[in-house]
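Read through the structure below, which is laid out as structure tokens, and then see the notes.
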Amino acid sequence: QVQLVESGGGLVQPGGSLRLSCAADGSILSINVMGWYRQAPGKERELVAAITSADSTNYADSVKGRFTISRDNAKNTAYLQMNSLKPEDTAVYYCNAQDFFGPNGYLEVWGQGTLVTVSS
């Protein structure tokens, strides 16, 4: 079972950039979808961006043009490049992996989360 560890969160001023990393313990080649979600205080967890094993991507409207998700299968790592950050981007960001063809069928794994705070 793959385990995920996020890193790269921190405090950044509005307009700044951060790159989040999601390191997997093991190959992500067979992981159908790697995704980044975020949860702000008092809000539901929401999908920020997702990338499939075929490198197709999907983004929340609120981050389109500012965030870029990518995956480096050779490094077993997914990334979220966040540019032009806004205060409303402040949240705990979680990495997610979905494997539709795991040994027991569908498997979903979450990382522990990394806090991104956008504030002046």
Side-chain angles (χ1 to χ4, degrees):
Q1 180 176 328
V2 66
Q3 298 185 65
L4 307 175
V5 179
E6 301 101 329
S7 62
L11 175 64
V12 65
Q13 293 187 350
S17 298
L18 285 174
R19 188 180 76 161
L20 305 183
S21 298
C22 174
D25 181 14
S27 176
I28 63 170
L29 280 172
S30 64
I31 301 298
N32 299 105
V33 182
M34 298 292 297
W36 286 96
Y37 292 72
R38 68 186 181 187
Q39 187 168 21
K43 294 186 177 181
E44 298 291 328
R45 189 172 299 185
E46 64 175 349
L47 175 68
V48 176
I51 184 167
T52 71
S53 58
D55 284 343
S56 62
T57 58
N58 188 40
Y59 297 92
D61 288 342
S62 60
V63 307
K64 286 182 178 178
R66 299 188 298 120
F67 291 11
T68 302
I69 188 171
S70 62
R71 61 193 291 172
D72 188 335
N73 294 329
K75 296 181 179 179
N76 297 327
T77 302
Y79 303 94
L80 184 68
Q81 178 66 46
M82 305 185 294
N83 299 325
S84 302
L85 283 162
K86 304 175 181 179
E88 51 262 44
D89 295 319
T90 296
V92 177
Y93 285 71
Y94 298 90
C95 184
N96 171 267
Q98 295 180 71
D99 187 351
F100 303 137
F101 307 102
N104 297 308
Y106 177 77
L107 177 66
E108 185 176 41
V109 179
W110 291 91
Q112 81 288 347
T114 185
L115 177 63
V116 172
T117 302
V118 184
S119 176
S120 60

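A side-chain donor-acceptor contact under 3.5 Å links Glu6 to the backbone of Gln112. Listed for the Thr90 side chain is a donor-acceptor partner under 3.5 Å among the backbone atoms of Val118. A donor-acceptor contact shorter than 3.5 Å links the side chain of Asn32 to the backbone of Phe100. A donor-acceptor contact shorter than 3.5 Å is absent between the side chain of Asp25 and the backbone of Gln3.
A 4.5 Å side-chain heavy-atom check between Ser17 and Gln81 finds at least one atom pair inside the cut-off. In this structure, Asp89 and Phe67 have side chains that are in contact, with non-hydrogen atoms separated by less than 4.5 Å. The shortest side-chain heavy-atom distance between Lys86 and Pro14 does not fall under the 4.5 Å cut-off. Within the 4.5 Å cutoff, no side-chain heavy atoms of Met82 are placed close to those of Val12.
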**Request:** Start with the C-alpha gap between Ser7 and Leu20, add the side-chain angles, then the distance that decides, and say whether side-chain contact (heavy atoms from CB on, under 4.5 Å) holds.
**Result:** CA-CA 6 Å; Ser7 62; Leu20 305 183; over 6 Å; no
**Item:** Thr68 vs Leu80, side-chain contact (heavy atoms from CB on, under 4.5 Å): CA-CA, chis, key distance, verdict
**Value:** CA-CA 6 Å; Thr68 302; Leu80 184 68; over 6 Å; no
**Request:** Any chance you could lay out the side-chain contact (heavy atoms from CB on, under 4.5 Å) test for Val2 and Ile31, step after step, and finish with the verdict?
**Result:** CA-CA 9 Å; Val2 66; Ile31 301 298; 4.3 Å; yes
**Request:** Any chance you could lay out the side-chain contact (heavy atoms from CB on, under 4.5 Å) test for Asn73 and Lys75, step after step, and finish with the verdict?
**Result:** CA-CA 5 Å; Asn73 294 329; Lys75 296 181 179 179; over 6 Å; no
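To the nearest 0.5 Å, atom CG of residue Leu4 and atom CG of residue Asn96 are 7.5 Å apart. The SG atom of Cys95 sits 7.5 Å away from atom CD1 of Ile69, with the distance rounded to the nearest 0.5 Å. The structure places CG of Asp72 at 12.5 Å from SG of Cys22, a figure rounded to the nearest 0.5 Å. Interatomic distance, Tyr59 OH to Ile51 CD1, rounded to the nearest 0.5 Å: 7.0 Å. The CD atom of Gln98 lies 11.5 Å from the OG atom of Ser53; values are rounded to the nearest 0.5 Å. Distance check: Tyr79 OH to Arg19 CZ gives 5.0 Å after rounding to the nearest 0.5 Å.
Both Val33 and Tyr106 are part of a single hydrophobic cluster, where members link through side-chain heavy atoms under 4.5 Å apart. No chain of hydrophobic side-chain contacts below 4.5 Å, direct or via other Ile, Leu, Val, Met, Phe, Trp or Tyr residues, connects Val92 to Val63. When hydrophobic clusters are built by joining Ile, Leu, Val, Met, Phe, Trp and Tyr residues whose side-chain heavy atoms come closer than 4.5 Å, directly or via intermediates, Val109 is grouped together with Met34.
Cation-pi geometry between Arg45 and Tyr94 is satisfied (NZ or CZ under 6.0 Å from the ring centre, within 45° of the ring normal).
The minimum heavy-atom distance linking Lys43 with Gln39 is given by the pair O-NE2, 3.1 Å. Contact between Asp99 and Gly102 at its shortest, heavy atoms only, is OD1-N, 3.5 Å.
For Tyr37, the ring-ring contact (aromatic ring centres under 6.0 Å, His included) partners at least two apart in sequence or on another chain are Trp110.
Residue pairs meeting the salt bridge (charged side-chain N to carboxylate O under 4.0 Å, His left out) criterion with at least one member in residues 51-62, sequence neighbours excluded, are Asp61-Lys64.
More than 12 heavy atoms of other residues, nucleotides or ligands shown are found within 6.0 angstrom of CD on Glu88.
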